[in-house]
Amino acid sequence: MKLPKQYEAKLYEADIYALWEKSGVFTADPSSQKKHYAISMPPPNETGTLSLGHALFITLQDILIRHARQQGKDALWLPGTDHAALPVNAIIERQLMEEGTNKHAIGREEFLRRTRTFVGNSRDTMLKQMRIMGASADWTRLRYTLDDALNRCVNETFVKMYNDGLIYRGNRIVNWDPQLETNVSDDEVMYVEEKGTFYTFRYGPFEIGTARPETKFRDKYVVMHPQDKRYAQYKHGDTLEVEWINGPIIATIIKDEAVDPKFGTGVMTITPAHSLVDFDIAERHNLDKEQIIDLHGNLLPIAGEFAGMSIDKARSQIVKKLTEKGLLVNVDNKYVHHVAINERGRGVIEPQIRLQWFVDVNKPVVMWKGENQSLKTVLQHVIRDEDINLIPKRFEKVYFNWIDNLRDWCISRQIWWGHRIPVWYRTNTDGREETYVGVQPPTDKNEGWHEWKQDPDTLDTWFSSALWTWSTLIDQDLAADYTLSLSELLKRSPDFQAYHPTNVMETGWDILFFWVARMVLATTYMTGQIPFKDVYLHGLIRAEDGKKMSKSRPESIIEPQEIIDHYGADALRMALIMNVSPGNDQNWGRGKVEANRNFCNKIWNIARYIETVLGNRWSTTTPIPTTPADHWIVYQLALAQQGINKDLDNYKFSEAYAKLYRFIWNDLADWYIEASKVSPNRPLLAHLLQSILVLAHPFAPFVTETIWQTLPPGTNSLLAAQVLHKPLKADKDKGVLFEKIQKIVVEARLITKSLNVRNAKLHHKNDPLLAAHGSVIAHLAHLESVTPSEEAFEYIHLTGHEHVWLNIPKAKGYTFVRELQVKQTEQEKVIQNLENRLANKAYMEHAPNNIIEETKKQLSEARITLESIKAEVNRFS
RNA sequence: GGGUGAUUAGCUCAGUUGGCUAGAGCACCUCGUUUACACCGAGGGUGUCGGGGGUUCGAGUCCCUCAUCACCCACCA
């Protein structure tokens with residue numbers, strides 16, 4: 001088949017993907033005798049289209065999976081998508097707002113219908129885009145966080161935790177988002193700096209500061225540090241009457257160490273219902289916690305004349321009233337404070353006390369390694385005991401720091417999109433309430449009781465994603481059989497038995513807490529296994545200017561689709577891993593994509609050339625290396641293959657890729673193929689082409705498979721199904737001859753280039769290397785000829801070769817002598833360094849022998865080179 | 001307040017356990033259209049590896065310290 005001059009990715013990629021998918025190469029087989037290898041794909045949120053971040057994880061995981069297949073493993077890459085409760089909810093609510101309506105107006109059913117349509121469209125787009133990226137995922141095992149089987153796992157987990165006392169319902173202060181009308185977990189809260197006003201008011205004998213006067217109506221506890229001498233006269237529990245916003249109130253003195261005596265006056269009043277810190281203080285001393293603000297952010301009747309006002313409106317009026325009462329002491333307009341906002345949806349968080357479901361992270365009821373532990377301590381153990389490795393390792397410190405600050409996990413949400421909480425309530429005619437917690441809804445209908453009603457709340461998205469590695473491996477049909485217990489189900493699920501724990505979790509460091517830690521938590525608890533052995537954390541992709549890609553700056557967002565349309569998926573894949581290290585963010589740059597588009601084209605043209613040279617003379621005979629170049633390239637190939645395997649085994653994507661790039665472009669294309677033009681070794685060329693296609697395939701699956709499909713019969717089938725073979729044996733010493741040839745070529749090129757001499761001739765006197773390989777050298781160095789001759793004094797000698805010279809007239813040699821002198825000085829410096837090193841007693845005593853030997857060898861070589869340069873300089877001076 | 005990362009060529013960044021004269025891509029300059037490729041080939045790098053100190057025979061790499069930038073966690077009412 002005749003290939004066109006340039007590789008046009010978009011002409012082939014779709015067909016190639018279809019070919020793979022049809023063939024079933026991506027489908028894993030748990031009954032296979034091969035070694036199993038598994039990766040759970042982090043399910044992308046169904047919120048629109050794939051981003052560059054998704055493109056990155058698809059690339060990294062696809063490389064690992066294809067590499068595992070090449071190593072002869074049964075590889076499962078299980079794909080899926082996430083219903084993404086909160087983010088999706090935020091999008092739908094925004095849509096509704098733009099249409100001038102809201103969720104209450106359309107009702108739960110209609111809301112869910114709209115949401116399903118939206119996520120359905122998103123899912124179709126995203127799954128299509130994953131294929132466009134070349135993801136070799138097992139689509140027969142596609143999962144969705146809201147699948148029935150996964151939903152069962154969610155309920156099983158909830159119920160088990162409930163029965164173990166790990167899940168409880170309680171009135172606690174939570175991060176309430178009045179905009180989305182739900183609470184969110186601590187990890188979803190973001191703090192942004194904001195300039196505000198800080199007021200100081202007189203409060204009886206004290207002065208208290210606040211940035212939020214609107215919460216202060218019922219502040220009846222005045223708190224100070226127990227050791228603060230300024231207030232030693234006041235005792236804990238003392239009461240006094242003070243004049244306040246709506247008249248006099250009775251204040252109670254509380255002594256608590258949470259107060260910083262150095263901040264402000266060292267005295268504060270507290271609002272337990274609307275501040276996390278205040279709530280904790282109130283808990284410690286068993287104080288009243290009165291709600292001041294309602295769930296929509298408006299003041300309650302407790303605010304008297306201000307009731308019903310939004311907090312923003314009320315603030316200035318309250319200040320005004322306090323000023324009129326003469327209670328305002330000071331106003332500071334330059335106060336900088338941190339406002340809590342919901343990361344999803346950006347609503348301002350108003351802490352509220354609410355009846356919510358929590359996961360207790362401190363209760364020691366989790367069996368792990370034969371010990372009763374808390375969820376928290378299990379989390380610590382698996383990393384400390386190296387059951388799970390974090391890559392890069394430095395994230396362990398971040399991880400432990402997060403655990404140290406971990407509080408009970410609030411898992412209930414008031415949004416409608418998500419897994420329903422498996423709890424039902426009913427009352428009887430006497431008003432007595434019953435609660436039922438179960439994997440399936442209760443069915444009994446007793447006399448005198450009303451219908452069971454399910455808890456209206458949904459679960460935090462991360463509660464279901466936490467089960468991802470194993471809930472996806474459960475046999476989906478068996479899961480419908482509720483007579484089986486979960487442990488029986490796990491035992492009878494072939495996928496779970498074959499693929500769990502998975503080998504590696506590859507994801508961004510930004511969801512280490514949200515997701516990775518929670519998978520560890522839920523999976524160890526439910527299955528007694530770790531979810532994965534390694535965690536590889538990649539960095540984020542930022543805009544070209546180094547800032548985050550953000551929807552508020554649409555020009556900063558790069559769509560993978562657009563890049564693929566222009567440059568092809570392979571070019572994008574390689575650009576994303578080139579010169580990138582784990583855990584470190586990278587800035588997007590188009591330059592890398594272009595470079596890799598060119599690399600694809602290079603591979604294409606190597607194939608084009610080799611296919612032309614071989615024509616219809618393809619043979620399947622084992623190639624026999626004959627020339628030094630043959631031995632050299634075979635040896636280099638073996639080195640590259642070993643190096644790439646080792647790097648990928650250690651998740652060194654960037655380094656593996658660099659080795660591949662160097663081998664294909666520099667070694668094979670620039671040196672070997674050029675050298676082979678003198679006398680092509682056809683079987684070896686065929687072998688080399690097939691080898692690089694296999695080696696490059698995990699990185700650039702499309703272009704390599706496209707070429708593979710053009711190979712003649714007998715070599716075809718699917719590249720995606722090929723395994724790595726043992727490299728051919730090469731004679732390393734014969735290969736070294738080629739390195740000598742390279743040195744001669746490089747120098748000949750350099751001299752002819754710098755003197756601008758064309759069609760120079762290279763002569764030698766009885767040099768066996770040149771006698772044997774003259775034509776190759778002539779071709780590579782663009783020389784007219786390499787011929788034996790008698791010594792001619794006025795010509796330029798090659799360094800280190802006393803009897804090899806270029807037929808460049810002596811006159812031109814005088815121009816060259818300056819460069820030779822520079823070289824001489826450099827060489828003298830090198831020799832001086834090496835001599836000093838060897839003269840150093842300490843060095844000779846401490847350095848290992850091989851290093852010393854190496855130094856000696858370098859020195860002797862450097863001396864020969866210097867002598868050669870010197871001789872040449874002398875001839876012209 | 002606590003922590004992490006970054007600082008290496010004009011730009012964007014690699015550099016594995018310390019060990020040859022520190023690398024890549026892009027950009028730039030010179031030459032070249034030798035029939036695989038101009039998305040190409042050949043040649044071209046004087047980098048105080050952020051500053052200072054230390055450990056070592058030997059430091060871009062390990063330790064201390066300072067500076068700048070980015071980020072994470074906690075959060076002062």
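We use all heavy atoms of the structure for the numbers below, so side chains are in, but hydrogens, waters and symmetry mates are not. Lettering of chains follows the sequences in order, A, B, ..., and the numbering in each one begins at 1. Since we're looking at a predicted model, the values are computed, not measured.
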Among the candidates B:A70, B:U21, B:G43, find the nucleotide nearest to the side-chain atoms of A:Arg542.
B:A70
Nucleotide N/O of nucleotides 2-11 of chain B paired with protein N/O under 3.5 Å:
from : atom 1 : to       : atom 2 : distance (Å)
B:U4 : OP1    : A:Lys397 : NZ     : 2.7

Sequence neighbours excluded - side-chain hydrogen bond (donor to acceptor under 3.5 Å, both in side chains) pairs with any residue from residues 389-400 of chain A:
A:Asn389-A:Asp534, A:Lys393-A:Glu396, A:Arg394-A:Asn584
In whole angstrom, give me the gap between the P atoms of B:U55 and B:A14.
31 Å
Polar atom pairs between nucleotides 30-34 of chain B and protein, under 3.5 Å, N or O only, would you list them?
from  : atom 1 : to       : atom 2 : distance (Å)
B:C31 : O2     : A:Lys753 : NZ     : 3.2

For A:Lys548, I'd like to know if atom NZ has over 12 heavy atoms of other residues, nucleotides or ligands within 6.0 Å.
no
Does a side-chain N-to-carboxylate-O contact under 4.0 Å join A:Glu544 and A:Arg590?
no
Checking B:A24, B:G43, B:C75 against the side chain of A:Met578 (C-beta onward), the nearest is B:A24
Do the side-chain N and O atoms of A:Asp570 and A:Asn596 include a donor-acceptor pair separated by under 3.5 angstrom?
no
Going by distance alone, is a donor N or O of one side chain under 3.5 Å from an acceptor N or O of the other, for A:Glu828 and A:Gln824?
yes
Nearest-Å distance once atom C1' is located in both B:G52 and B:G44
36 Å
Among B:A77, B:C20, B:G23, which is the nearest nucleotide to the side chain of A:Glu854?
B:C20
Quick check on A:Lys220: does its NZ atom have over 12 non-hydrogen neighbours (other residues, nucleotides or ligands) under 6.0 Å away?
yes
According to salt bridge (charged side-chain N to carboxylate O under 4.0 Å, His left out), who are the partners of A:Asp278, at least two apart in sequence or on a separate chain?
none
Pairing string of RNA chain B (Watson-Crick or G-U wobble, both atom distances under 3.5 Å; | = paired to other strand) is (((((((..((((.....[...)))).(((((.......))))).....(((((..]....))))))))))))....
Gap in Å between the two P atoms, one belonging to B:G50 and one to B:U12, rounded:
15 Å
Which residues satisfy the salt bridge (charged side-chain N to carboxylate O under 4.0 Å, His left out) test with A:Lys216, sequence neighbours excluded?
A:Asp219
Choose from B:A77, B:G19, B:G43 the nucleotide whose nearest atom is closest to any side-chain atom of A:Pro848.
B:G19
Could you pull out all residues at least two apart from A:Arg758 that satisfy salt bridge (charged side-chain N to carboxylate O under 4.0 Å, His left out)?
none
Between A:Lys823 and A:Glu747, does at least one N-O distance fall below 4.0 Å, as a salt bridge requires?
yes
Please tabulate the protein-to-nucleotide N/O contacts below 3.5 Å involving nucleotides 35-39 of chain B, giving atom names and distances.
from  : atom 1 : to       : atom 2 : distance (Å)
B:A36 : OP1    : A:Lys677 : NZ     : 3.1
B:A36 : O3'    : A:Arg608 : NH2    : 3.0
B:A36 : O2'    : A:Asn605 : OD1    : 2.4
B:A36 : O2'    : A:Arg608 : NE     : 3.1
B:A36 : O2'    : A:Arg608 : NH2    : 3.0
B:A36 : N7     : A:Lys677 : NZ     : 3.1
B:A36 : N6     : A:Ala669 : O      : 3.2
B:A36 : N6     : A:Glu674 : OE2    : 3.2
B:A36 : N3     : A:Asn605 : O      : 3.2
B:C37 : O4'    : A:Asn605 : OD1    : 2.8
B:C37 : O4'    : A:Asn605 : ND2    : 3.3
B:C37 : O2'    : A:Asn601 : ND2    : 3.1
B:C37 : O2     : A:Lys602 : NZ     : 2.9
B:C37 : N3     : A:Lys602 : NZ     : 2.8
B:C39 : O4'    : A:Asn598 : OD1    : 3.0
B:C39 : O2'    : A:Asn601 : ND2    : 3.0
B:C39 : O2     : A:Arg597 : NE     : 3.0
B:C39 : O2     : A:Asn598 : OD1    : 3.4
B:C39 : N4     : A:Gln6   : OE1    : 2.3

Determine the interatomic distance between C1' on B:U61 and the same-named atom on B:C49; round to the nearest Å.
10 Å
Rounding to an integer number of Å, can you tell me how far A:Asn666 CG sits from B:A24 P?
9 Å
Residues in salt bridge (charged side-chain N to carboxylate O under 4.0 Å, His left out) with A:Asp667, at least two apart?
none
Just by distance, with hydrogens left out, do A:Glu854 and A:Asn850 show a side-chain donor and acceptor under 3.5 Å apart?
no
On RNA chain B, more 5' by nearest nucleotide between A:Arg212 and A:Gln858 is A:Gln858
Contacts under 3.5 angstrom, residues 251-262 of chain A side chains, donor-acceptor by atom type, not counting sequence neighbours:
from     : atom 1 : to       : atom 2 : distance (Å)
A:Lys255 : NZ     : A:Tyr231 : O      : 3.1
A:Lys255 : NZ     : A:Tyr234 : O      : 3.0
A:Asp256 : OD1    : A:Ala258 : N      : 2.8
A:Asp256 : OD1    : A:Arg284 : NH2    : 3.1
A:Asp256 : OD2    : A:Arg284 : NE     : 3.0
A:Asp256 : OD2    : A:His285 : NE2    : 2.7
A:Asp260 : OD1    : A:Lys262 : N      : 3.0

Quick one: label A:Lys216 by what it contacts on the DNA or RNA (base, sugar-phosphate, nothing), any heavy atom closer than 4.0 Å.
sugar-phosphate
Return the residues of residues 508-518 of chain A meeting this criterion: a heavy atom under 4.0 Å from some atom of RNA chain B. Order them by number, or give none.
A:Trp509
Contacts to RNA chain B from residues 189-203 of chain A, heavy-atom cutoff under 4.0 Å, which residues?
A:Tyr191
